[in-house]
Amino acid sequence: MNAGVRHLAILLLALCPSWLAAQNDGIRLFKSNCALCHAEDGSGNTPSGKALEAKDLRSRETQSKSDAEIADLIAQGRNKMPGFAQNLKPDQIQQLVAYIRHLAKK
Ligand code: HEC
C-alpha cells in the first residue's frame with residue numbers, strides 16, 4: 001500500500017463510525033416520530049398516512065425540494081403535517097433529511 005492509499009484508508013475508517021451513527025439516528029428518529037403517518041419506507045402507506053394524505057417522501061415532488069426546504073417543512077409543519085421544531089434539535093432534523101434522501105435510493 002502506498003502512502004496516499006494508506007492515508008485515504010485511515011481517513012475513511014475515522015469517518016465511518018460517525019457516518020454510520022448518523023444514519024442509525026436518522027432511522028431511529030424516523031421510526032419514532034414519522035413512521036406513524038409516512039410508514040417506515042416513506043410511502044405514506046399507513047392508516048393515519050392515508051387518512052391525512054401524507055405525501056410519499058420518495059416521490060419526485062419531495063426529492064426535488066432542497067435540503068433546507070425539507071428541513072423547514074419538518075420544523076414548521078404544513079396543513080396536517082405537525083411541526084417538530086419543539087421536539088427535535090436542528091441536527092436531528094438534518095439527520096431526518098438525510099434519511100428521506102436515503103429512502104428515495106432504495
Ligand atoms: C400526523 C401525521 C404525520 C406525522 C407524524 C409526520 N408527518 Fe410529514 N406529512 C404529513 C402530511 C399529512 C403531509 C402532507 C402535508 C400537506 O398536504 O401539505 C406531510 C408532509 C411531509 C413532507 C413534505 C412532502 C412534500 O413533498 O411536500 C415532509 C418532508 C414530511 N412530511 C416529513 C416528515 C418527517 C421527517 C416526519 C417526522 C419528524 C413527519 N413528516 C411526521 C403527516 C405527518
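Only this structure's heavy atoms are used, side chains among them; waters, hydrogens and symmetry mates stay out. Both counts, for ligands and for their atoms, begin at 1 and track the order of listing.
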Note: SD(M81)-atom 8 (Fe) of ligand 1-NE2(H38) angle, rounded to 10 degrees, equals 180°
inquiry  = Please say yes or no: joined through hydrophobic side-chain contacts below 4.5 Å, possibly via intermediate residues, are I70 and I27 part of one cluster?
reply    = yes
Nearest non-hydrogen protein atom to atom 5 (C) of ligand 1, with distance, is N33 O, 3.4 Å
request  = Would you mind reporting whether D41 and R58 have side-chain heavy atoms less than 4.5 Å apart?
outcome  = yes
The closest protein heavy-atom partner of atom 27 (O) of ligand 1 is R78 NH2, 3.0 Å
If we number the atoms of ligand 1 from 1 as shown, the ones under 4.0 Å from a heavy atom of C34 are 34 (C), 35 (C), 36 (C), 37 (C), 38 (C), 39 (C), 41 (C)
The answer for which part of L57 has a heavy atom under 4.0 Å from ligand 1 is side chain
- Check whether any side-chain heavy atom of I74 sits under 4.5 Å from a side-chain heavy atom of I100, and report yes or no. yes
- Step through the shown structure and confirm whether more than 12 heavy atoms of other residues, nucleotides or ligands are within 6.0 Å of CD on E53. no
Any side-chain heavy atom of F84 within less than 4.5 Å of one from L96?
no
Here the atoms of ligand 1 under 4.0 Å from any heavy atom belonging to L73 are 22 (C), 23 (C)
shortest atom 41 (C) of ligand 1-to-protein heavy-atom contact is with F84 CE1, 3.5 Å
- Can you check whether T62 has an N/O within less than 3.5 Å of an N/O in ligand 1? yes
So for I70 against ligand 1, with non-hydrogen atoms under 4.0 Å, the contacting part is side chain
Atoms of ligand 1 under 4.0 Å from any heavy atom of N79, numbered from 1 in the order shown, are 16 (C), 17 (O), 18 (O)
**Asked** Any donor-acceptor pair under 3.5 Å linking the side chain of Q92 with the backbone of L29?
**Response** no
*Do side-chain atoms of S64 reach the backbone of E61 as a donor and acceptor pair under 3.5 angstrom?*
yes
closest protein heavy atom to atom 14 (C) of ligand 1 is K55 CG, 3.7 Å
- Query: Checking H7 side chain against A3 main chain: does a donor-acceptor pair fall under 3.5 Å?
  - Reply: yes
For L96, the ligand 1 atoms with a heavy-atom partner under 4.0 Å come out as 38 (C)
Looking only at non-hydrogen atoms, the one of C37, G26, A51 nearest atom 3 (C) of ligand 1 is C37
Residue, atom and distance of the protein heavy atom nearest atom 12 (C) of ligand 1 read L52 O, 3.3 Å
N/O donor-acceptor pair under 3.5 Å between Q76 side chain and L73 backbone = no
With heavy atoms and a 4.0 Å threshold, my read on which part of P82 contacts ligand 1 is side chain
Correct closest heavy-atom pair for T46 and A35 would be CG2-O, 3.6 Å
